[in-house]
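Everything on this sheet refers to the single structure shown next.
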Amino acid sequence: MPDPNGFLRYDRRLPARRPVPVRIMDWREVYPPAGEELIREQATRCMDCGIPFCHDGCPLGNRIPDWNDLVRTGGWDAAVESLHATNNFPEFTGRLCPAPCEAACVLGLGGQQPVTIKQVEVEIADAAVARGGLRPQPVPAPTGRSVAVVGSGPAGLAAAQQLARAGHAVTVYERDDALGGLLRYGIPDFKLEKRHIDRRLAQLAAEGVRFRTGVNVGVDVTAEDLRAEHDAVLLACGALQGRDTPETPGRALRGVHQAMAHLVAANRVVAAAGEGRPALATLPDGTPIDAAGKHVVIIGGGDTAADCLGVAHRQGAAGVHQLDLYPEPPADRDAARDPWPTWPWVLRSYPAHEEGGERVFAVAVQEFVDDGTGQVRAVRIAEVTVEKVDGRRIVTALPGSEREIPADLVLLAIGFEGTEEQPLLDQFGVTRNGRGAVDARPDWQAGADGVFVAGDMHRGASLIVWAIAEGRAAAAAIHAYLGGVGTLPAPVDPARQPLAAR
Ligand SMILES: Cc1cc2nc3c(=O)[nH]c(=O)nc-3n(C[C@H](O)[C@H](O)[C@H](O)COP(=O)(O)OP(=O)(O)OC[C@H]3O[C@@H](n4cnc5c(N)ncnc54)[C@H](O)[C@@H]3O)c2cc1C
Ligand code: SF4
C-alpha cells in the first residue's frame, strides 16, 4: 500500500547536476545518479491517487504508481520488470523524455510539485544494468516469418525487439555507419552517452535481431529486394528533412548551416575520440564546422537548439546567442490556456542553458550579413510579433527595432519538415502528406500490402517516447498481419495525440 502522505513529508528534489565549469570541459552526461536514499524518498511522494493521469500523459502507458511503490519499498527487481513491461528502452526515456507524465501528475492539481517520475525511471533502468545487466530474453521457436525494419532509431529498434521476441526473424537496415538513429549522431553525449545504445543493441543482437549498417534502402537495395526477402517491411526512417530559410538574404554565405550538420559532426568527433582516433568536426565534404573561438548564433528554441548550445560551449565558442521567434513563455502553467493535465507552454530551460549563452525572444532574422568575402559576419534581427490567422503564422517586424548580432557561425534549428524525399518512398508506394509525414491506416500499413510505418516518419518530428510507443504498436500490427499467435501490446493507435484540452 503506497504512502498517502509522502508528498506532505517530502518536497520534490532532484540530484544536483555536475558543476558547469567541470562538465563543459568534457562530453560526459551532465546528471549524476540520485542515490538510493534520495530516489526512495522521491518515489514515496507518489500517493496512489487512484486514477493515475500520468498513465495517459505517458504515450507508453508506463505503470508509474506501481514502480514508484516498488522503488519506495526497495523491490528493485520487480520494478525493473514492471518498467520493461511497457518500455523497451527506459534508459533512453529516463534520460531524455520531457516527461509529459509529470505535467499530468495529480499532485499538480493541488499546487504541489509533481513526482520526479522521469528520475525514478532512469534509476530503475540503471538498476537493471547494475543488477546483472540487460540479459536477453529467451525467444520462442521461430515462426518462419521474416520482417525488414528500415531505420534504427528508437521506433525501428523497439519494433525489432518486440518482433524478435515473438519469434519472427528481424533484420534492421540502417544507411548510417552506426545504429541508433538520432540517438547516435543527433543527440550529444552530454545528454546520452552512447554506451547505453550499445548495451541495448547487444541485447537485441543476442535475441536474434540482425543488423545491416551502411545500407541505404531504395539505393543500395531496392524495395523489391526487401519485399522478395521478407514477409513484411516496417519503414521507420524518421523526419530528418530540416526546415530552411532560403528566402532570407545571405542564406548562402559561408558559416550558415543546418543545426544537424553541426551536431552530427560534433558527435562523430566524440565517437572517434572514444575509439582513440583523432578527428576534426567537418561536414561530409570536409568543410570544418566547429564553434571554437567563434560567435555563434543559434536560430530556434527547441531540443535541437539547446543541443547546439551545449556543443558550442564544449567546443569553446567565444559567445552564443539563441534566437526565438516567440515571446518568452511564462514560468508557470497558465491554467486558462493549458489546463492540467495537458502539456503546458512554459519556459523550459535545459541543462545547456545553465552553461551560458544569451536567449533572445520575439525576434526574427532579417539578413545574414556578409563580411565582404562571402563569409557571414553578423545576423541582422528585428523584434517581431507573431499571430495565427486562419491557421497561418503572420510575423510582423516592429519598425525601428533592427540590430546586428556578431556571428561567425549560424545554426538553423528551426524544425523539421517531415521525412526526407528519397527513392524508397516511390519504391514502396508511400507518399508524404502536407506535413511531410507518411499517413498510416488504423493497422499501421502505409502503402503496398505489408508495408508499415512508425515513429517520426509517421508522426512528424516528435519525441523518443512516441517513437518507442509507435514502434511497439506497429510491431503488434505486423505480428497480427503475419498470423502470429496471441497479441503484442499496442500502447497507441496511429491517430493518438498528446493530451489536449480541446
Ligand atoms: C538534435 C535533436 C535532439 C533531440 N532531443 C530529444 C530529447 O531530448 N528527447 C526526446 O524525447 N526527443 C528528442 N529528439 C527527438 C527524437 O530524437 C526523435 O523523435 C526520435 O529519434 C525519432 O525516432 P525514429 O526512430 O522515428 O527516427 P530516427 O531516430 O530519426 O531514426 C531514423 C533512422 O532511419 C534511417 N534511415 C532513413 N532513411 C533510410 C534508408 N533509406 N535506409 C536505411 N536507413 C534509413 C536514418 O539514418 C535514421 O538512423 C531530438 C531530436 C533532435 C534532432
Ligand atoms: S517515458 Fe516519458 S512520459 Fe513515460 S513515464 Fe517516462 S518520462 Fe514519463
Side-chain angles (χ1 to χ4, degrees), residues 54-64 67 83 86-87 89-90 92-105 114-122 124-125 148-159 172-188 191-192 212-221 223 226 235-240 242 259-260 262-264 267 302-308 311 343 350 413 415-416 419-420 422-425 427-428 453-471 491 498:
C54 53
H55 279 198
D56 292 316
C58 174
L60 286 164
N62 273 347
R63 301 170 188 166
I64 297 160
W67 38 257
L83 179 54
T86 55
N87 188 353
F89 312 129
F92 304 160
T93 46
R95 286 178 168 76
L96 299 171
C97 189
C101 55
E102 293 186 13
C105 174
V115 174
T116 58
I117 298 170
K118 170 176 154 171
Q119 188 70 36
V120 177
E121 181 176 27
V122 79
I124 300 172
V149 174
V150 186
S152 67
L157 293 180
V172 176
Y173 296 84
E174 170 56 57
R175 69 180 173 193
D176 237 322
D177 60 352
L179 300 156
L182 281 172
L183 276 52
R184 176 68 64 178
Y185 291 134
I187 294 175
K191 276 171 61 180
L192 180 80
R212 291 190 56 192
T213 50
V215 180
N216 189 351
V217 174
V219 178
D220 302 322
V221 296
L226 247 55
L235 302 178
C237 301
L240 301 167
M260 281 303 290
H262 177 236
L263 292 175
V264 171
N267 266 316
D303 274 333
T304 309
D307 289 356
C308 288
V311 167
W343 181 245
Y350 300 85
F416 294 86
T419 203
E420 295 154 284
Q422 54 168 319
L424 153 154
L425 298 180
Q427 291 180 18
F428 280 108
V453 64
D456 277 8
M457 189 176 189
H458 160 253
R459 178 162 289 275
S462 180
L463 297 173
I464 293 160
V465 63
W466 279 102
I468 300 173
E470 291 212 355

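Indexing begins at 1, ligand by ligand and atom by atom, following the structure's order.
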Should the proximity of [X] to ligand 1, defined as any heavy atom under 4.0 Å, be assigned to the side chain, the backbone, both, or neither?
{"X": "Leu157", "value": "neither"}
{"X": "Val215", "value": "backbone"}
{"X": "Arg184", "value": "neither"}

N or O contact, Arg175 vs ligand 1, cut-off under 3.5 Å: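 It does: an N or O of Arg175 is found under 3.5 Å from an N or O of ligand 1.
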
Any N or O of Glu420 closer than 3.5 Å to N or O of ligand 1: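 N/O-N/O distance below 3.5 Å does not exist for this pair.
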
Look at [atom] and say which protein heavy atom is nearest, naming residue and atom and giving the distance to 0.1 Å.
{"atom": "atom 27 (O) of ligand 1", "answer": "Gly238 CA, 3.5 Å"}
{"atom": "atom 3 (C) of ligand 1", "answer": "Asp307 OD2, 3.1 Å"}
{"atom": "atom 42 (N) of ligand 1", "answer": "Val217 N, 3.0 Å"}
{"atom": "atom 41 (N) of ligand 1", "answer": "Gln422 OE1, 2.8 Å"}
{"atom": "atom 29 (O) of ligand 1", "answer": "Leu182 N, 3.0 Å"}
{"atom": "atom 25 (O) of ligand 1", "answer": "Ala155 N, 3.0 Å"}

Give the numbers and elements of all ligand 1 atoms closer than 4.0 Å to a heavy atom of [X].
{"X": "Phe416", "answer": "53 (C)"}
{"X": "Ser462", "answer": "15 (C), 19 (O)"}
{"X": "Leu463", "answer": "10 (C), 11 (O), 12 (N), 19 (O)"}
{"X": "Ile187", "answer": "3 (C), 4 (C), 5 (N), 6 (C), 17 (O)"}
{"X": "Gly455", "answer": "26 (O)"}

Protein N/O/S neighbour count - atom 2 (Fe) of ligand 2, strictly under 2.8 Å: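 The number of such protein atoms is 1.
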
Any Gly218 heavy atom less than 4.0 Å to ligand 1: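 It does not, in that no heavy atom of Gly218 comes within the 4.0 Å cut-off of ligand 1.
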
ring-ring contact (aromatic ring centres under 6.0 Å, His included) partners for His458, two or more places apart: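 Partners of His458 by the ring-ring contact (aromatic ring centres under 6.0 Å, His included) criterion, ordered by chain and then number, come out as Trp444.
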
Stepwise salt bridge (charged side-chain N to carboxylate O under 4.0 Å, His left out) test for Asp176 and Arg184: CA-CA 10 Å; Asp176 237 322; Arg184 176 68 64 178; over 6 Å; no

Check: Pro491 and Thr86 side chains under 4.5 Å, non-hydrogen atoms: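 Answer no - side chains too far apart.
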
